[in-house]
Amino acid sequence: MRSLNAPARRLAVLHGIDGIGVGVYVAGSAVYLTRVTGLTAAQIGLALSAAGLTGLLASVLFGMVADRIGARPLLSRLLLLLGVAYLLLPAVHAAWEFVALSVVIGALQFGTGPSFMSLIAELVPEKDRVTARAAIRSVGNASMGLGTLAAAAVIAVGTDGALQIIPLANGVTFVVAAVLVHRLPAVAAHPAPPAAGRFIALRDVPFLRVVGVNAVLALHDSVLAVGIPLWIVVGTGLPTTLTPLLIGLNTVLCVLLQVRAAKGTDDLPGAARVARRAGLAGALACLILVPSGDLTPWAAGTLVTAAFLVMTAAELWHAGASYGLAFALAPDDRRGEYLGAFQLHHGVQSIVGPAVLTSFIGSGSGAGWTAVAALFATAAVLAPPAAHRAVPHARLPMTTAPEPAPHLPPAAADGESAPQGPPAPDNESSTVGAGGNPNASEGRVPTH
């Protein structure tokens with residue numbers, strides 16, 4: 001935190017405040033929605049699926065808005081609206097109302113991801129952006145842990161009145177975060193000219209290949225949250241109490257090691273190398289799990305714990321790599337749009353990942369982990385070449401005709417210095433490292 005500049009420290013503080021509310025809600029929402037709101041598990045699942053699908057489109061659209069009006073005003077408004085939405089949740093008692101509100105929340109939350117990353121790019125020097133984002137993620141994870149503990153205390157009280165704290169706390173922290181964002185320094189927006197076209201990021205095939213590879217690398221989220229907990233039950237017969245212990249360990253490691261794991265990802269080649277490392281770590285973790293279903297409880301527990309730790313390393317490396325790739329591949333004048341499109345890898349993984357894992361390992365066969373390992377290994381191999389082919393200056397078309405080459409005197413043909421021609425058009429200059437992810441959104445929700 002001490003190495004961050006003043007705006008980055010303020011971003012970390014507001015992210016920490018926001019994370020407490022998110023931790024309370026994530027840990028307590030299932031109890032609140034079933035006991036107080038009176039919803040069924042199927043109704044909650046439908047609403048969350050609708051929110052996720054809405055968010056996929058919203059991330060790109062809000063990214064484009066950030067390019068137009070600036071990241072700071074957009075993020076402040078989105079956080080304020082999120083706060084209002086969660087404060088309205090106690091008034092919801094019907095399934096259709098919850099679905100409608102969830103769609104709004106999903107769109108707003110996915111919109112915060114590109115605007116938050118764009119704000120970091122605007123306020124933090126280029127060489128410090130990845131480190132700042134990693135430090136902010138650490139703060140967010142720590143505050144979410146505190147929020148989880150607070151939710152446990154609220155659930156222990158158990159009354160309907162106490163459970164109302166769960167959505168209200170989240171709403172209040174969003175409002176506080178909105179106020180803090182509004183007080184950050186203002187930076188003028190520099191959008192691309194309208195003639196350049198719309199949805200350029202979604203038509204940028206080399207860039208979309210990077211997004212696709214990152215969607216596979218991001219499977220670590222589903223492995224840690226769904227795959228290994230499910231495997232403990234159906235594949236090993238280990239006590240289910242192991243799951244919260246492992247998740248708690250993951251949270252601690254993410255808080256302590258994220259900044260260190262992000263080292264070397266502040267340029268495109270470094271980010272690509274660390275992305276490959278993350279994929280190989282993910283593959284190794286899956287292979288460790290293959291024999292665990294046929295061993296004694298102590299041996300199986302040892303392998304499951306080891307695999308969880310290796311997959312946590314994959315998560316840490318991939319988080320740093322994704323920040324570096326996002327910042328490097330987003331052009332200045334379309335930063336929000338590209339960051340919103342890059343964030344699609346989180347959304348796609350969150351929708352597809354759990355289904356893939358349950359189909360592979362739901363039967364209790366360790367062979368399914370071999371297939372998941374193959375996915376990670378393939379993404380690891382593809383990550384560096386995909387990233388290098390997506391370098392902005394190597395693929396953006398020229399919007400003006402090039403100037404004719406000047407007539408060179410004979411001396412120039414012999415290798416001597418020649419008069420310099422006119423400078424290259426702005427759109428030919430490299431934009432590597434000029435852009436700004438998630439949040440990443442953070443993984444749970446884009447900014448958190």
Give the intermediate values and the outcome of side chain to side chain contact (heavy atoms under 4.5 Å, CB included) for residues V304 and L246. CA-CA 10 Å; V304 168; L246 291 176; 4.2 Å; yes
Measuring only between side-chain heavy atoms, which start at C-beta, is [X] closer than 4.5 Å to [Y]?
| X | Y | result |
| --- | --- | --- |
| V22 | N170 | yes |
| L253 | L309 | yes |
| H220 | W317 | no |
| V223 | V226 | no |
| L123 | L184 | yes |
| L180 | R10 | no |
| E126 | F327 | no |
| Y338 | L329 | no |

D221 vs H346, side chain to side chain contact (heavy atoms under 4.5 Å, CB included): CA-CA, chis, key distance, verdict: CA-CA 9 Å; D221 278 347; H346 280 298; 4.2 Å; yes
Between L39 and T34, does the side chain to side chain contact (heavy atoms under 4.5 Å, CB included) criterion hold? Intermediate values first, please. CA-CA 5 Å; L39 300 175; T34 54; 5.7 Å; no
Does W369 form a side-chain hydrogen bond (donor to acceptor under 3.5 Å, both in side chains) with S292? I'd like the steps, not just the answer. CA-CA 10 Å; W369 285 114; S292 61; 5.7 Å; no
Please enumerate all residues that pass ring-ring contact (aromatic ring centres under 6.0 Å, His included) together with F62, with sequence neighbours excluded. none
Reference residue Y25; test ring-ring contact (aromatic ring centres under 6.0 Å, His included); the match among Y86, F174, Y32: Y86
What distance separates [X] [atom1] from [Y] [atom2], expressed to the nearest 0.5 Å?
| X | Y | atom1 | atom2 | result |
| --- | --- | --- | --- | --- |
| L119 | T112 | CG | OG1 | 11.5 Å |
| S59 | M64 | OG | CE | 11.5 Å |
| L56 | I351 | CG | CD1 | 4.5 Å |
| L224 | T312 | CG | OG1 | 5.0 Å |
| L382 | T378 | CG | OG1 | 6.5 Å |
| L33 | I166 | CG | CD1 | 8.5 Å |

Main-chain N/O of [Y] paired with [X] side-chain donor or acceptor, under 3.5 Å:
| X | Y | value |
| --- | --- | --- |
| Q258 | L316 | yes |
| R35 | G158 | yes |
| S222 | L219 | no |
| Q343 | F110 | yes |
| D18 | T173 | no |
| S76 | R72 | no |
| D266 | V130 | no |
| T236 | L238 | yes |
| H388 | P385 | no |
| T265 | A321 | no |

Between [X] and [Y], which heavy-atom pair has the shortest distance, and what is it?
| X | Y | result |
| --- | --- | --- |
| A300 | L295 | N-CB, 4.1 Å |
| A169 | V24 | CB-CG1, 4.3 Å |
| I105 | L82 | O-CD2, 3.8 Å |
| A341 | F207 | CB-CE2, 3.7 Å |
| G83 | V175 | CA-CG2, 4.0 Å |
| P206 | A390 | O-CB, 3.7 Å |

Determine, step by step, whether S322 and N214 satisfy the side-chain hydrogen bond (donor to acceptor under 3.5 Å, both in side chains) criterion, reporting the C-alpha distance in whole Å, the side-chain angles of both residues, the deciding distance to 0.1 Å, and the verdict. CA-CA 8 Å; S322 67; N214 273 271; 5.4 Å; no
Could you go step by step and tell me if D67 and D333 meet the side chain to side chain contact (heavy atoms under 4.5 Å, CB included) rule? CA-CA 7 Å; D67 291 333; D333 58 356; over 6 Å; no
V65, L79, L75, V181 screened by side-chain contact (heavy atoms from CB on, under 4.5 Å) with S115, the one that passes: L75
